[in-house]
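Reviewing the structure listed below.
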There are 2 protein chains.
Amino acid sequence: MPSETVRFAAIGLNHAHIYGQTNLLVRAGAELVAFYAAEPDLAAQYGRTYPQATQVSDPRAILEDPSIHLIISAAIPDERAPLGIAAMRHGKDYMADKPGFTTLAQLDEARRVQAETGRIYSICFSERFENAATVRAGELARSGAIGTVVQTIGLGPHRVNLTARPPWFFQRSRFGGIINDIGSHQADQFLFFTGATRADVVTAQVANYRHPQYPEFDDFGDVLLRGVTPEGLEVSGYIRVDWHTPDGLGTWGDGRLIVLGTEGYIEVRKNIDIAGRPGGNHLFLVDQKGTHCVDCSDVALPYGPSLVYDILHRTETAMPQEHCFLASELVLRAEAAAHRLK
Amino acid sequence: MPSETVRFAAIGLNHAHIYGQTNLLVRAGAELVAFYAAEPDLAAQYGRTYPQATQVSDPRAILEDPSIHLIISAAIPDERAPLGIAAMRHGKDYMADKPGFTTLAQLDEARRVQAETGRIYSICFSERFENAATVRAGELARSGAIGTVVQTIGLGPHRVNLTARPPWFFQRSRFGGIINDIGSHQADQFLFFTGATRADVVTAQVANYRHPQYPEFDDFGDVLLRGVTPEGLEVSGYIRVDWHTPDGLGTWGDGRLIVLGTEGYIEVRKNIDIAGRPGGNHLFLVDQKGTHCVDCSDVALPYGPSLVYDILHRTETAMPQEHCFLASELVLRAEAAAHRLK
C-alpha cells in the first residue's frame with residue numbers, strides 16, 4: 001500500500017500526550033479518522049480539537065475497521081499494552097504514550113504477539129523524538145562529533161501538579177512506578193546514544209520523600225544501567241527522575257541529557273536553560289575545537305514521517321522494534337529490583 | 001596558644017595543588033616557614049614563589065621543629081598518609097592534597113593515630129573549599145533554601161594533559177585509582193550537602209577507554225553512594241569522574257554539582273558555564289519563587305581561616321575529622337568494589 005495515506009485512530013485519552021502523538025502524525029500527513037474515550041470530558045476536548053475525527057462509542061468500532069492502519073493511545077498506563085496487543089491481533093500497528101507497559105508479563109506478551117503478527121508496537125519517547133535539541137544531539141553523536149559514546153546521564157525532573165492529577169496517577173498498579181513511567185525516556189536515550197543492543201540494570205532505588213498521603217507513589221528514583229554495543233564495548237547510563245520540580249521553574253521540568261564521548265561531550269537542556277537563554281531546546285557541544293551552542297531551530301523531527309514510512313513500507317526506520325522493547329524492559333526490571341529508600 | 005600565629009611547612013610538592021594549599025593558609029594569616037621536596041625542580045619553583053620559606057634538605061628538619069604547628073603536603077598520593085601519620089606522631093597537624101590516602105590500611109592507621117594524638121588530619125577538598133559558588137551553595141542548602149536535601153550528583157571531568165604528567169600519574173599503586181583520586185571531592189560534597197554521617201557504596205565501576213598505553217590507568221569511573229542522616233533519612237549520591245575533557249573546553253574540567261532538595265535544587269557550574277556566562281563559580285538556584293543566578297563574587301572561602309582557628313583552638317570548624325575520613329573511606333571502598341568495564 002505505498003501510495004496510500006496512513007489512517008489512524010485514538011483509543012484512550014487519559015494523558016495529554018495524546019495531543020502530541022496526534023499532531024506528529026497529522027504533520028506527517030496521516031489522517032485521523034476516529035477516536036474513543038470512556039471519559040466524556042476527555043472525549044469532548046479531543047473532539048473539539050480534531051473535528052475531522054469521528055467519535056465512536058465502542059473501541060471495537062476502531063479495532064474492527066479494516067481501513068484503519070494505526071491505533072494510538074494515551075490510556076491509563078496499565079491499559080496500554082492490552083490495547084496494543086489487541087491492535088496487533090487485529091492487524092494494526094500501534095503507538096503508545098510512554099510508558100508502554102506496566103508489567104514484565106505485559107511486555108512478554110507484546111513481544112510474542114509482535115513477532116507473530118509482524119505489526120509495529122511503538123512508544124512515543126517524546127523527550128527524544130519531539131525535542132529538536134535531542135534529535136540534533138543524536139545526529140551529532142552518530143556522526144562521531146564526540147568520538148565514541150561511553151556514557152549518558154539523563155535527568156528527568158517533573159512538576160507533580162498534585163491537584164491536577166487523576167486518582168490512577170498515584171496507584172502503583174496503574175502507572176507502574178516512577179522509574180517505569182518517566183525513566184523510560186532516559187532508558188530509550190541511553191540505548192540510542194550509546195548504541196547498546198544489550199543492557200542490564202546494575203542497581204536502582206526509589207523513594208517517596210514528600211508525598212506520604214500517597215503511599216503507592218514515588219517521588220524519586222534512580223538507576224544505573226550497563227550495556228554492550230555490537231562492537232563489544234561496555235557502556236553505562238545513569239538515570240535520575242523525580243517529582244520535586246519547584247513552582248519557581250518556568251516549565252514542567254529541567255530535563256537534561258549529558259552524553260560523554262571519548263573526544264568530547266554534549267549537554268542537552270531540553271526545556272529550559274536555567275537563568276540563561278530563553279526557550280527550550282538548548283544543545284551545547286564541547287569538542288576538541290571549542291565550546292559550541294548549537295542552533296536547533298531548523299531541526300526536523302523524524303519520528304512521525306519515519307513511522308508513517310514504516311507503516312507503509314513495513315520497515316523499522318523510526319525505532320527498531322527490539323529497541324522499544326529493551327528500553328521498556330530495562331525500566332520494568334529496574335522497578336522490580338529497586339531498593340526503597342527510607 | 002590562642003594568640004600565636006600558625007607556623008606551617010610544606011613537604012612534598014608533586015602536585016601543583018600545593019600552591020593553592022599554601023595560598024589559602026597565607027591568606028588566613030598563617031606563616032610559611034619551611035619546605036622540603038626530593039625533586040630539585042619542584043623545590044626551586046616553590047622557593048621562587050615563596051622566598052620567605054627556608055628550603056630544608058631533610059624532612060625531619062620540619063617534623064622535628066617544635067615551632068611548626070602544621071605540615072601540608074601534595075606529595076605523590078601514596079606518600080601522603082605516611083607523612084601525615086608521622087606529622088601527627090610528631091605532635092603536628094596535617095593538611096594533605098586530595099586524595100589523602102591510597103589504601104584502606106593507610107586510612108585505618110591514620111584514624112587510629114589521629115584518635116591517639118588528637119591532632120588534625122585534614123584534606124583540602126578544593127572543589128568545595130576553594131570554589132566560591134560551592135561554598136555559597138552550601139550556605140544556601142544549610143539555610144533550607146531547597147528544603148531537605150535528598151540527593152547530589154557530582155561530575156568531575158578533567159583534562160588528562162598526557163605530556164605534562166609524571167610517571168606516577170599512571171601507576172595505580174601510587175594514585176590509588178580514578179575514583180579515589182578525583183572522586184574524593186565528590187564524596188566530600190555528597191556528605192556535606194546531604195548531611196549524611198553514615199554512608200556506603202552501592203555500586204562502582206571504572207574503565208580505561210582511551211589510554212591502553214597506560215594499563216594501570218582509568219579514564220572513567222562512577223559510583224552510587226547511599227547515606228543516612230542523623231535524622232534517619234536515607235539519601236543518595238551519584239558521582240562520575242573522567243579524564244576525557246576535550247581540548248576545546250576553556251578550562252581543565254566542567255565540574256558540576258547538582259543538589260536536589262524537596263523544595264528546589266541548586267546547580268553549581270564550578271569552572272565554566274559552557275557557551276554561557278564568562279568565568280567560573282556559577283551558581284543557579286531554582287526554588288518555589290523562581291530561577292536565580294546567584295552572585296558569588298563576595299563569598300569568603302572559610303576553609304583557611306577555619307583551619308587556622310581549629311589549630312589554635314583545637315576545634316573542628318573547618319571540617320569534622322570523621323567527615324574527612326568517611327569521605328576518603330567511601331572512595332577507597334568504591335575502588336575496591338569497582339567493576340571494570342571492558
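Chain identifiers are assigned alphabetically (A, B, ...) following the order of the sequence lines, protein sequences preceding nucleic acid strands; residue numbering begins at 1 within each chain.
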Could you have a look at A/Thr262, A/Val235, A/Ile258 and say which one has the most heavy-atom pairs with chain B under 4.5 angstrom?
A/Thr262
Around A/Arg198, counting heavy atoms of other residues, nucleotides and ligands shown, do more than 12 lie under 6.0 Å from its CZ?
no
A/Thr203 versus chain B, the contacting section by heavy-atom distance below 4.5 Å
side chain
Given that the side chain runs from C-beta out, which part of A/Ile146 has a heavy atom under 4.5 Å from chain B: side chain, backbone, both or neither?
neither
What one should report as the nearest heavy-atom pair of B/Asp222 and A/Ser236 is OD2-OG, 4.4 Å
Heavy-atom contact with chain B under 4.5 Å, split by part of A/Val202:
side chain
If I measure from the heavy atoms of chain B, does A/His292 come under 4.5 Å with its side chain, its backbone, both, or neither?
backbone
B/Arg256 with A/Glu267: basic N within carboxylate O range, under 4.0 Å
yes
For A/Leu285, which atoms come within 4.5 Å of any heavy atom of chain B: side chain, backbone, both, or neither?
neither
Assess whether side-chain contact (heavy atoms from CB on, under 4.5 Å) is satisfied between B/Leu233 and A/Lys342, documenting all intermediate values.
CA-CA 6 Å; B/Leu233 187 74; A/Lys342 287 188 290 279; over 6 Å; no
Between A/Ile239 and B/Tyr238, does a side-chain contact (heavy atoms from CB on, under 4.5 Å) hold up when you go through it step by step?
CA-CA 10 Å; A/Ile239 294 170; B/Tyr238 176 72; over 6 Å; no
Distance, nearest 0.5 Å, that separates NE2 of A/His244 from CG of B/Leu260:
5.5 Å
Report which part of A/Leu224 has an atom under 4.5 Å of a heavy atom belonging to chain B: side chain, backbone, both, or neither.
side chain
So which part of A/Lys289 gets closer than 4.5 Å to some heavy atom of chain B, the side chain, the backbone, both or neither?
backbone
Whether A/Gln288 side chain and B/Gly248 backbone form a donor-acceptor pair below 3.5 Å:
no
Any idea which heavy atoms bring B/Pro246 and A/Gly264 closest together, and the distance?
CG-CA, 3.7 Å
Is chain B contacted by the side chain of A/Arg159, its backbone, both, or neither, given a heavy-atom distance below 4.5 Å?
neither
Region of B/Asp242 in contact with chain A, defined by heavy-atom distances below 4.5 Å:
side chain
Audit row: A/Glu234, B/Arg340, salt bridge (Lys or Arg N to Asp or Glu O under 4.0 Å) steps and yes/no:
CA-CA 9 Å; A/Glu234 286 192 337; B/Arg340 181 160 293 280; over 6 Å; no
Say you draw a straight line from CD1 of A/Ile153 to CG of B/Leu155; how long is it, rounded to the nearest 0.5 Å?
4.5 Å
Would you check if B/Ile274 and A/Tyr265 make a side-chain contact, meaning some heavy-atom pair closer than 4.5 Å?
yes
Which is it for B/Leu341 and A/Val150 under the side-chain contact (heavy atoms from CB on, under 4.5 Å) test, yes or no, and what are the steps along the way?
CA-CA 10 Å; B/Leu341 294 161; A/Val150 295; over 6 Å; no
